[in-house]
Amino acid sequence: MRTEICDRLGIDVPIFAFTHCRDVAAAVSNAGGLGVLGAVGFTAEQLEVELAWLDEHVTGVYGVDLVIPSKYEGKGVEGLSPEELEAKLAELVPQGHRDFAEKILDDHQVPHLPDGEKHNQLLGWTATTVAPQIEVILKHPKAKLVANALGTPPDDVIKQIQDSGRLIGALCGSVKHALNHKRAGLDFVVMQGTEGGGHCGEVSSVVLWPQVIDAIGDMPALAAGGIADGRQIAAALAMGAAGAWTGSLWLTVEEANVPPAQMQTYIDASSHDTVRSRAWTGKPCRMLKNDWTEAWENPENPDPLPMPLQMMVALDGVKRGHRYPEAAKDVNFNPVGQVVGMMNKVERSADVVQRLIAEYLEACERLNKLNNA
């Protein structure tokens with residue numbers, strides 16, 4: 001299973017685990033893969049704490065995922081601090097959208113946050129608000145890989161990361177976006193099919209992967225979207241992928257910092273229970289459908305705003321959902337891919353890595369028997 005990108009990063013197997021939980025990232029890295037911590041939602045100070053912890057608990061290396069959209073409301077505004085940009089963007093959010101979001105939460109009796117927790121700071125989601133996070137990443141030598149979740153990163157960010165000796169790549173949902181990444185000089189792409197959780201395009205993985213691989217030539221391409229076992233990794237590598245980028249799979253592991261009520265929602269869900277919706281972030285994002293997503297899809301209600309304005313509307317709901325998961329179970333933000341239908345039990349992260357390897361080897365053995373028949 002070892003590919004060239006393993007050698008470049010010094011990892012044993014090309015299994016990449018995107019997660020917002022440092023314990024999961026550490027467990028996957030220590031099991032031979034690469035844990036990738038999602039930085040969105042962390043202040044620079046909080047991210048410093050998370051990465052310092054990873055430095056102490058990871059024997060090898062890890063990665064960090066950023067969110068710098070190629071297109072977003074407010075892009076191109078120069079010379080503003082993160083706080084000034086956030087204030088400027090807040091002026092663009094209609095009060096009616098805020099009132100509608102508040103009504104959904106109140107109708108479901110989700111308690112309000114205590115007064116000291118009400119500040120909805122936009123952490124990530126724009127080049128300006130991501131800049132402090134990048135400064136933190138560059139202080140941690142074990143953070144060997146940086147990925148951008150939404151589009152090609154700005155040229156200065158690419159240079160900054162590469163000059164520090166790190167690899168930088170970005171996700172894509174189309175051949176066009178993959179070629180943009182290659183022209184910008186990125187080190188790798190993550191080609192995510194529409195089955196994937198979070199932000200995704202409209203093309204299925206089994207169609208997207210070979211198209212991107214053919215288009216970008218020898219540039220490493222990691223397969224994402226619909227990977228929950230080793231058979232799917234074998235299929236991706238057979239098409240020419242350099243590895244597997246997984247995300248949803250790690251929401252139901254023992255180490256995941258997911259409230260029990262929310263984790264049970266994932267375990268109980270089928271692959272038919274997801275939807276691509278703009279209801280939380282303003283861009284199409286795959287998640288479990290619930291009363292929140294249904295409310296924003298109703299044509300009689302306000303339309304979701306562009307990114308990052310919709311997130312500024314929804315951020316209070318995200319925080320209230322994290323703090324009161326039982327009350328918010330029907331209106332919580334549950335980003336997850338269609339493989340949720342395969343996530344039926346809780347496993348340890350290291351056991352998941354070993355299971356993926358074993359299933360991959362079994363799939364290869366089946367093919368070898370067919371080839372030798």
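- Salt-bridge formation is not detected for the pair Arg166/Asp187: no Lys NZ or Arg NE/NH1/NH2 atom is positioned less than 4.0 Å from an Asp or Glu carboxylate oxygen.
- For Ser205, the side-chain contact (heavy atoms from CB on, under 4.5 Å) partners at least two apart in sequence or on another chain are Glu195, Trp209.
- Taking CZ from Arg22 and CD from Glu255, the interatomic distance works out to 13.0 Å, rounded to the nearest 0.5 Å.
- Side-chain N/O atoms of Asp156 and Gln160 include no donor and acceptor closer than 3.5 Å.
- Side-chain contact of Gln262 with His322: a donor-acceptor pair under 3.5 Å is absent, judged by distance alone.
- Rounding to the nearest 0.5 angstrom, the gap separating the NZ atom in Lys144 from the CZ atom in Arg8 is 12.0 Å.
- Below 30°, between 30° and 60°, or above 60°: for His57 and Trp53 the angle between ring planes is below 30°, a parallel geometry.
- Here the OH-CG distance, from Tyr62 to Leu37, works out to 8.5 Å after rounding to the nearest 0.5 Å.
- Atoms CD and CG, on Glu202 and Leu208 in that order, are 12.0 Å from each other to the nearest 0.5 Å.
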Point to revise | Check against side chain to side chain donor-acceptor pair (under 3.5 Å), His112 and Asp106 | key: CA-CA 8 Å; His112 288 255; Asp106 289 347; 3.1 Å; yes
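- Between Asp65 and Trp245, some side-chain heavy-atom pair lies under the 4.5 Å cut-off.
- Once rounded to the nearest 0.5 Å, the distance linking CG of Leu361 with CZ of Arg366 reads 11.0 Å.
- Taken from CE in Met219 to CG in Leu186, the straight-line distance is 5.0 Å, to the nearest 0.5 Å.
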